**Q** 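One structure, as structure tokens, below. Some questions next.
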There are 2 protein chains.
Amino acid sequence: MRRSAEAAQLTRERIVATGVTKASTDGLSALTIGTLAEALGMSKAGIVGPFGSRAGLQFAVLTKAADMFIAAVVAPSMEVESGLPRLRVMIDLWCGYLDSSPFPNGCFITAASCELDGRPGELRSFLLATVTRWRAFLREQIVIAQEAGDITTTLDADDLVTALTGIAMAANQEIQLLGDATAPARARRLMLAAITR
Amino acid sequence: MRRSAEAAQLTRERIVATGVTKASTDGLSALTIGTLAEALGMSKAGIVGPFGSRAGLQFAVLTKAADMFIAAVVAPSMEVESGLPRLRVMIDLWCGYLDSSPFPNGCFITAASCELDGRPGELRSFLLATVTRWRAFLREQIVIAQEAGDITTTLDADDLVTALTGIAMAANQEIQLLGDATAPARARRLMLAAITR
DNA sequence: CCAGCCAACGAACGATCGTACGCTAAAGGA
DNA sequence: TCCTTTAGCGTACGATCGTTCGTTGGCTGG
């Protein structure tokens, strides 16, 4: 039962990966079993099976997307010491993530936030927890850098979290909707300006 | 033919108004004729009729939402002289709009931007034009205020547009997803800080 | 007053949705 | 070698999707 279990895991990951791609462009609620089955050359039953239901599939896709954000921005920054050094790396990674993201249509988390914020349920709860955790992590690095006297204190940590998050969101719109290729560089410059002054 | 034409117009507006509400929570692509018909106590044919097709209905709903944003933020600001005075009023109106918006689930334009940015078509084109026009209007007021020496020039107009837009988007997430009631006031303070420093 | 117009209805269509069921075939442990 | 497990398939179900049709009833212009 070893070999087959491994194969099943691989199939599951293949489904989720394709699901993330489709959900990035069409939205999580437009992620349909039929189209996903056709895209993967599988039967509908073969898609739903590993996840129990469509809701389970959506949850797996959202979880995967959150992991991908963490893998792209958070994880690599842990190699660097906390505070300003890590903050600088995070900003670089964040803007690089916005520039050429692992999703075809920009930040999946931002899109999911807009899509799910008014729909109570497991998806929203998970997204809320993810965003809260990310903001707390960002705030933590800001506080450490402030206490070390490395960045500005004219704005408090909460203000800076809002400012940095906002710059990322605006840049995301400029890249995805407006097609502005200069947005990532501007975002990076604005983020650095926000924490230095 | 006068009376009936007026009644038809009224029905059309009633459909669009309900459609805006539903699309605000469930997304524009989840705006379905059947549910809208049931919500309004009408037949499906009576819903589609005035718009020709579902796509026409979606377009009418998106157009209405854009009008509502303009009516809430842009139009009242035109009573005030351009430049810094108008900018201050716009910021107040903008944050008030985020705080208690005419939509049940936050800024419709931001949500639509995330939903449609990867889907070419008439909806995306209209949204692109709307956002471009709004950003140009905002930039214009910034430039006027800068040339008058009323606001900072350490950041250029494009930077300030990104910064202000971003603060609004971050605040929108804080209000709608995170349930942070202090977000509107913080957004207003951050916007004013961005242009004055 | 009456003929014509039109907003809205009700029914039906093919397609697709999510889900449930039984089946097949391959793989692993005894 | 045989038995059990299970990944994935094929089919069918009821519900709902968007759209099209003929009909109806109340208004309006003449």
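Just so we're on the same page: letters track the sequence lines, and every chain starts at 1. If you're wondering where the values come from, they're calculated on a predicted model, not measured in any experiment.
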**Q** Both B:Ile15 and B:Lys44 contact DNA chain C. Taking the nearest nucleotide for each, which residue is further toward the 5' end?
**A** B:Ile15

**Q** Are any of the side-chain nitrogens in B:Arg86 or B:Glu140 under 4.0 Å away from the carboxylate oxygens of its partner?
**A** no

**Q** So, does B:Ser125 use its side chain to make a donor-acceptor pair with the main chain of B:Gly121 at under 3.5 Å?
**A** yes

**Q** Round to a whole Å and report the spacing from CD of B:Gln58 to P of D:dC17.
**A** 13 Å

**Q** Side chain of A:Arg54, heavy atoms from C-beta onward: which of D:dT19, C:dA8, C:dT19 has the nearest atom to it?
**A** C:dT19

**Q** Could you tell me whether B:Gly49 contacts a base, only the sugar-phosphate backbone, or nothing, with contacts defined as non-hydrogen atoms closer than 4.0 Å?
**A** nothing

**Q** Measure the distance from CG on A:Leu36 to C1' on D:dG8 and round it to the nearest whole Å.
**A** 15 Å

**Q** Which listed nucleotide (C:dT19, D:dT20, D:dG18) is nearest to the side chain of B:Thr32?
**A** D:dG18

**Q** What is the separation between atom CD on A:Gln9 and atom C1' on D:dG8, rounded to the nearest whole Å?
**A** 16 Å

**Q** Which nucleotide sits closest to the side chain of B:Ser43: C:dA8, D:dC21, D:dC9?
**A** C:dA8

**Q** Where the side chain of A:Ile33 is concerned, which of D:dC17, C:dA8, C:dT19 is the nearest nucleotide?
**A** C:dT19

**Q** Quick one: A:Arg12 CZ to D:dT6 P, roughly how many Å, whole number?
**A** 16 Å

**Q** Apply side chain to side chain donor-acceptor pair (under 3.5 Å) to residues B:Gln141 and B:Arg88 and explain how you reach the verdict.
**A** CA-CA 10 Å; B:Gln141 304 309 313; B:Arg88 300 187 96 105; over 6 Å; no

**Q** How long is the line joining CD of B:Glu38 and C1' of C:dG10, in whole Å?
**A** 16 Å

**Q** Can you tell me which nucleotide in C:dA8, C:dG10, D:dT19 comes closest to the side chain of B:Met42?
**A** C:dA8

**Q** With a cut-off of less than 4.0 Å, is there a side-chain N or O of B:Ser53 near OP1 or OP2 of D:dG18?
**A** no

**Q** Applying salt bridge (Lys or Arg N to Asp or Glu O under 4.0 Å), run through A:Arg186 and B:Asp158 and close with a yes or a no.
**A** CA-CA 9 Å; A:Arg186 176 171 52 248; B:Asp158 289 325; 5.3 Å; no

